[in-house]
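The next block holds one structure in the form of structure tokens; read it before the comments.
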Protein chains: 2
Amino acid sequence: MTGRPLEPAPAKYAHIADSLRSRINNGVHPPGTMLPSEAQLVREFAASRSTVVRALEYLRQLGYLEGVQGKGRMVLGTPVPRRPVPPRRVHVALHASELANATLLGAGRAPASPRIAAVLEIAVGELVIARQRTMFDSETEWPLLSTVYMPAVAAEGTGFGASDLLREGALDHLERRRRIRAADVVERMNLRTALPREATSLGLDRNASTLASLLVVRNAAQQALLVIEQVMPVPPHGIEEVFALAHA
Amino acid sequence: MTGRPLEPAPAKYAHIADSLRSRINNGVHPPGTMLPSEAQLVREFAASRSTVVRALEYLRQLGYLEGVQGKGRMVLGTPVPRRPVPPRRVHVALHASELANATLLGAGRAPASPRIAAVLEIAVGELVIARQRTMFDSETEWPLLSTVYMPAVAAEGTGFGASDLLREGALDHLERRRRIRAADVVERMNLRTALPREATSLGLDRNASTLASLLVVRNAAQQALLVIEQVMPVPPHGIEEVFALAHA
DNA sequence: CCTGATTACTTGACTAACCAAGTTGGACAG
DNA sequence: CTGTCCAACTTGGTTAGTCAAGTAATCAGG
């Protein structure tokens, strides 16, 4: 027996990255503080600068730190798990243009219903800009009625209240026109009876049950920017989505 | 005017990475073929080996290629966009143990209903292992009935049919015991009337409406490994999930 | 024909050095 | 006191070289 280890030693850069990551996770280098310089880490780990930089680059990519040329690297902390990205149906609702698969029913001012007013944090009956269309799901051809609501003040200058077809999704349009960024979207899915106008638009019987989905698009401060309400007849096979499970 | 360019020249490694990525996207280097060796790329791009390797490493991390020491780098092709990860409610269904917030109602063999048989691709009435519990959503305290189904053959040796409480989620347990990996999960959400046993377990009126969710866990070959059916009374405020929108 | 050694080639990891670009603090002059 | 300059330090990018580990083909010997 030569005393050879049963497992290969981890690469040096991996060991350095692990050490630094543990320190960040354990609060030795708290968020907002500067990490030791490359030169210091070279001395501490007895490695070349390239090897140290490789470890640091890996941690940067993971979100543990960020570097400023000439200044140093600041600790960001343990990266928080991101919330999942929207499933397909929500993505389509936010980004689908009005040019295909859709029929614009109307666009303009309307008084906010209690539900919409609550979500937009405005008074019931206050004027909002509403934009309504019927469309068909591109995969299932199932019909749905989609209504975008926006506070009248926020809609100024965006063209949301006009009857020209939007060439981009409602969210894309808002972000571009208003130069703002949406941070997240809340989906509330529920079962309810169709309103008379909804039943007419969707060709349903009066008092038919529908699946209703309210999408509240928010900014980083969690203020509502945009609300999209989608109503559809209950699909015979339900609503289907596929999610990835394997971790590469 | 000194003729200085208005934009800084891209870093050399970035230019090499872009060039190679374009070639892969355009089919010059098709998936399954070997990329030119580092030495060849060094000559082609008139760069040092470290610079070439940096570009290749970036593409590897993006999923365009993979390297085997001594052999070369094989083109994987344009990475397909990953499907979204499961929202919270699906994650809980797959991973929550039976130790908290849950009451195991029973575990054992049962004949497959037409719906479960279709999903598992077995004959109606064939025996499956079923495991049923009631639980409460940890955020909303809303009740739900959850039933895990697995083909009897696949369940052998896993302890799924036994009455001991599982200390891990059903999927975790299956993956560990069977040393297999699940690739994705299909969620089918629908509205239906509660079966009599479901109504009893959930304390509902007969023929009450429920939101029913069928989760089909599949392997990479899209064969069903596990099915989880969840039934809940229609929540008064619906089912809510939050999705991230901002791109860092 | 099979096996082991050798050679040429490949990628993975590491070192040392250099240049570029930026930050910061101290010294000095007005 | 304020502004400018400069040195020391920082990270970003690049080059050149070495050693380690692996692949694949060829050749020689049994």
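First the proteins, then the strands, lettered A, B, ... as listed; each starts at 1.
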* Structure fact -> The salt bridge (Lys or Arg N to Asp or Glu O under 4.0 Å) partners of A:E66 (sequence neighbours excluded) come to none
* Examine D:dT10: is either OP1 or OP2 under 4.0 Å from a nitrogen or oxygen in the side chain of A:S37? Give yes or no. => yes
* To do: Could you tell me whether B:E57 and B:R54 have a side-chain N and a carboxylate O separated by less than 4.0 Å?
  => no
* To do: Let me know the distance between CD1 of A:I16 and C1' of C:dA13, rounded to the nearest Å.
  => 12 Å
* Kindly calculate the angle separating the two end axes of the helix from C:dC1-D:dG30 to C:dG30-D:dC1, each obtained from five base pairs, and round it to 10 degrees. => 10°
* Ion pair A:R83/B:E241, N-O distance below 4.0 Å -> no
* What is the nucleic acid contact for B:S50, judged by heavy atoms within less than 4.0 Å: base, sugar-phosphate only, or nothing? -> base
* Does B:Y13 place a side-chain N or O at less than 4.0 Å from the phosphate oxygens OP1/OP2 of D:dG13? -> yes
* Identify which nucleotide among D:dG13, C:dG12, C:dC14 has an atom closest to any side-chain atom of B:E38, counting heavy atoms from C-beta outward. => C:dG12
* Asked: With sugar-phosphate meaning primed atoms plus P, OP1 and OP2, does A:R73 contact a base, only sugar-phosphate, or nothing at under 4.0 Å between heavy atoms?
  -> sugar-phosphate
Anything under 3.5 Å between a protein N or O and an N or O of nucleotides 23-25 of chain C, put it in a table, one pair a line.
| residue | atom | partner | partner atom | Å |
| --- | --- | --- | --- | --- |
| C:dT23 | O4' | A:G70 | O | 3.2 |

* Would B:R177 and B:D172 pass as an ion pair if we require N to O under 4.0 Å? -> no
Are any protein N/O atoms closer than 3.5 Å to N/O atoms in nucleotides 3-7 of chain D? If there are, list each pair with its distance.
none

* **From CG (A:L225) to CG (A:N219), nearest 0.5 Å** => 4.5 Å
* Pairs flagged by ring pair (Phe, Tyr, Trp, His ring centres under 6.0 Å) wherever residues 24-44 of chain A is involved - sequence neighbours left out -> none
* **Any side-chain donor near an acceptor of the partner, A:T51 and A:S48, under 3.5 Å** => yes
* With sugar-phosphate meaning primed atoms plus P, OP1 and OP2, does B:R49 contact a base, only sugar-phosphate, or nothing at under 4.0 Å between heavy atoms? -> base
* Asked: Are any of the side-chain heavy atoms of B:L215 and B:L226 separated by less than 4.5 Å?
  -> no
* Which residues pass the salt bridge (Lys or Arg N to Asp or Glu O under 4.0 Å) test with A:R133, sequence neighbours left out? -> none
* A:T78 versus A:N25, side-chain donor and acceptor atoms under 3.5 Å -> yes
* Would you mind checking if A:R131 and A:E98 are paired as a salt bridge, meaning a charged N to carboxylate O distance below 4.0 Å? => yes
